[in-house]
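Shown next, in structure tokens, is the structure this report addresses.
None of the values given here were measured: they were computed from a predicted structure.
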Amino acid sequence: MQYFPLFVDTQKLKVLIVGGGEVAARKLDLLARTNAEINLIAPEVIEEILLRAEKEEVRVQTRAALPEDMPGWDLVYLATDSESLNLSLAAAAKEAGALVNVVDTPRACDFITPSIVDRGRMVVAISTAGAAPVFARQIRAKLEAMLPQSLSPLLNFVASRRDDVQQRLPSGKARRIFWERFFQFNGDRFDSQTELCYDLSFNNVATQGELLLLETDINPELLPLAVVPLLQRLDAVYAECEIPEALNELLRRDASRGTLPKLSELSQQLQRGERLLVYADKACIDSLRAHFPEARFLQPGAL
């Protein structure tokens, strides 16, 4: 990927916007939601920016920006209506060590600003690497409709209970199972039932493990969508050959990887509540299905 997605802590971030028109105002609208220190320089600024300055969301200097203004910033947005000025200031800002975004000039950008769906503690970013911003906005519109506003207070509730869960459930695995149960009971709503779902989720946290089996000759791209949540909660992945990229993209990234252990060790892991995937040839999978009849055999079509 050309652009690597990265969420940056904005509490100590110093940002400069050069430009005072509608484009600069759109950048400011997003940045004003953060904890960054925001400054803006432009000979003239529109009313929207002045209103934010009155609220002390941005410090505005109404003058022309100069190359000597560029040092001292972490991020610099250049949004004037002069391409030559933008590029000149971009060179000075990069020389000073800042990361630079030149509006409508991807070749001069160190970073780009994605389309964002904001639900408080949950932020979803969508980018097409500058190729199709209109399509990115369409995807954002779908996600805006899909993700309810209740996620913001719900995640605040979850954050307020994390210490309590950690004290009551010392095991990391038990805590993970607890939160899975909570979201299964509660869903994405936040209402009078959320506290009840929280209390109920402490009941019978211990659970039996799960073994998923996948043959190497099955195309992972043909697996049903219902398989994806199962693969995203794996503790370990065992493979006797290289895992194809199409399958790797579906797997939980921090699941441990290794070769197939002894059957006795697999049994012990399942008894401990671990979730495992074995990716192997047909003969190996057939043997495991006979030994573990409760295992889930993954194949194209419905589960």
Side-chain angles (χ1 to χ4, degrees), residues 7 119-124 146-148 150-214 220 223-239 243 247-279 285 288-289 291-298 302-303:
F7 287 85
R119 294 293 183 271
R121 293 175 183 270
M122 173 178 283
V123 178
V124 181
M146 183 186 306
L147 300 175
S150 60
L151 284 174
S152 184
L154 174 61
L155 294 178
N156 287 337
F157 172 85
V158 169
S160 71
R161 297 300 193 276
R162 291 188 68 84
D163 288 344
D164 179 51
V165 173
Q166 192 161 2
Q167 291 176 6
R168 295 170 67 174
L169 300 173
S171 163
K173 185 178 298 295
R175 292 195 295 270
R176 187 198 68 201
I177 293 171
F178 165 83
W179 286 117
E180 288 176 352
R181 288 168 60 85
F182 169 74
F183 285 110
Q184 181 181 5
F185 291 154
N186 185 81
D188 54 19
R189 72 180 191 275
F190 180 76
D191 55 26
S192 59
Q193 297 299 306
T194 298
E195 187 77 49
L196 176 61
C197 291
Y198 177 79
D199 292 334
L200 289 175
S201 299
F202 282 104
N203 298 332
N204 300 320
V205 170
T207 185
Q208 178 67 20
E210 186 173 46
L211 177 60
L212 308 179
L213 305 174
L214 179 61
L223 292 173
L225 289 176
V227 167
V228 177
L230 302 179
L231 300 179
Q232 282 294 309
R233 62 187 194 185
L234 292 170
D235 295 300
V237 178
Y238 297 120
I243 298 175
L247 177 58
N248 242 335
E249 287 298 310
L250 302 177
L251 302 178
R252 180 183 172 193
R253 295 191 185 280
D254 55 352
S256 64
R257 310 296 175 100
T259 55
L260 186 64
K262 296 179 180 179
L263 295 180
S264 58
E265 186 175 338
L266 279 179
S267 297
Q268 291 172 6
Q269 289 180 281
L270 293 172
Q271 290 171 7
R272 293 196 299 266
E274 296 189 24
R275 293 157 176 171
L276 316 172
L277 169 70
V278 174
Y279 180 69
I285 295 299
L288 289 171
R289 292 180 71 184
H291 194 86
F292 298 100
E294 74 281 6
R296 290 196 181 194
F297 178 53
L298 306 183
L303 276 179

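For the side chain to side chain donor-acceptor pair (under 3.5 Å) condition, the pairs that include at least one residue of residues 255-268, sequence neighbours left out, are N248-R257. Sequence neighbours left out, the pairs with a member in residues 191-200 that pass salt bridge (Lys or Arg N to Asp or Glu O under 4.0 Å) are R161-E195, R189-D191.
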Test L231 against L298 for side chain to side chain contact (heavy atoms under 4.5 Å, CB included), laying out the working first. CA-CA 11 Å; L231 300 179; L298 306 183; 4.1 Å; yes

Could you check R275 against R252 for side chain to side chain contact (heavy atoms under 4.5 Å, CB included), going step by step and ending with a plain yes or no? CA-CA 11 Å; R275 293 157 176 171; R252 180 183 172 193; over 6 Å; no

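Judged by distance alone, the side chain of T194 and the main-chain N or O of N186 form no donor-acceptor pair under 3.5 Å. In this structure, the side chain of R175 engages the main chain of P170 through a donor-acceptor pair within 3.5 Å. Listed for the Q232 side chain is a donor-acceptor partner under 3.5 Å among the backbone atoms of L250. Side-chain atoms of R181 come within 3.5 Å of backbone atoms of N203 as a donor-acceptor pair (strictly under, hydrogens ignored).
Remark: F292 CZ to L270 CG distance equals 6.0 Å, nearest 0.5 Å. Interatomic distance, CG of L223 versus CG of L247, reported as 7.5 Å (0.5 Å rounding). Atom CZ in F178 sits 12.5 Å away from atom CD in Q166 (nearest 0.5 Å). Atoms CG and CG, from L213 and L277 in turn, are 8.0 Å apart once rounded to the nearest 0.5 Å. Note that OH of Y198 and CG of D164 are 3.5 Å apart. Values are rounded to the nearest 0.5 Å. Rounding to the nearest 0.5 angstrom, the gap separating the CZ atom in F297 from the CG atom in L214 is 8.0 Å.
In this structure the side chain of L260 reaches within 4.5 angstrom of the side chain of L266, judged on heavy atoms. Side-chain contact between L251 and Y279: absent, with no pair of heavy atoms (C-beta onward) separated by less than 4.5 Å.
Residues meeting the side-chain hydrogen bond (donor to acceptor under 3.5 Å, both in side chains) test with E249, sequence neighbours left out: R253. Residues meeting the side-chain hydrogen bond (donor to acceptor under 3.5 Å, both in side chains) test with R176, sequence neighbours left out: D235. Considering only residues two or more places apart in sequence or on other chains, Q184 meets the side-chain contact (heavy atoms from CB on, under 4.5 Å) condition with none of them.
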Identify each donor-acceptor pair in which a side-chain atom of residues 151-160 lies under 3.5 Å from a protein atom, sequence neighbours left out, and give them as a table.
{"residue": "N156", "atom": "OD1", "partner": "R121", "partner atom": "NE", "Å": "2.8"}
{"residue": "N156", "atom": "ND2", "partner": "S152", "partner atom": "O", "Å": "3.4"}
{"residue": "S160", "atom": "OG", "partner": "F157", "partner atom": "O", "Å": "2.6"}

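Minimum interatomic distance between V237 and A255 (heavy atoms only, all atoms of both residues): CG2-CB, 4.2 Å. What you find for W179 and V165 is that their closest heavy atoms are CZ2-CG2, 3.5 Å.
Between F182 and F202, the ring center distance fails the sub-6.0 Å criterion.
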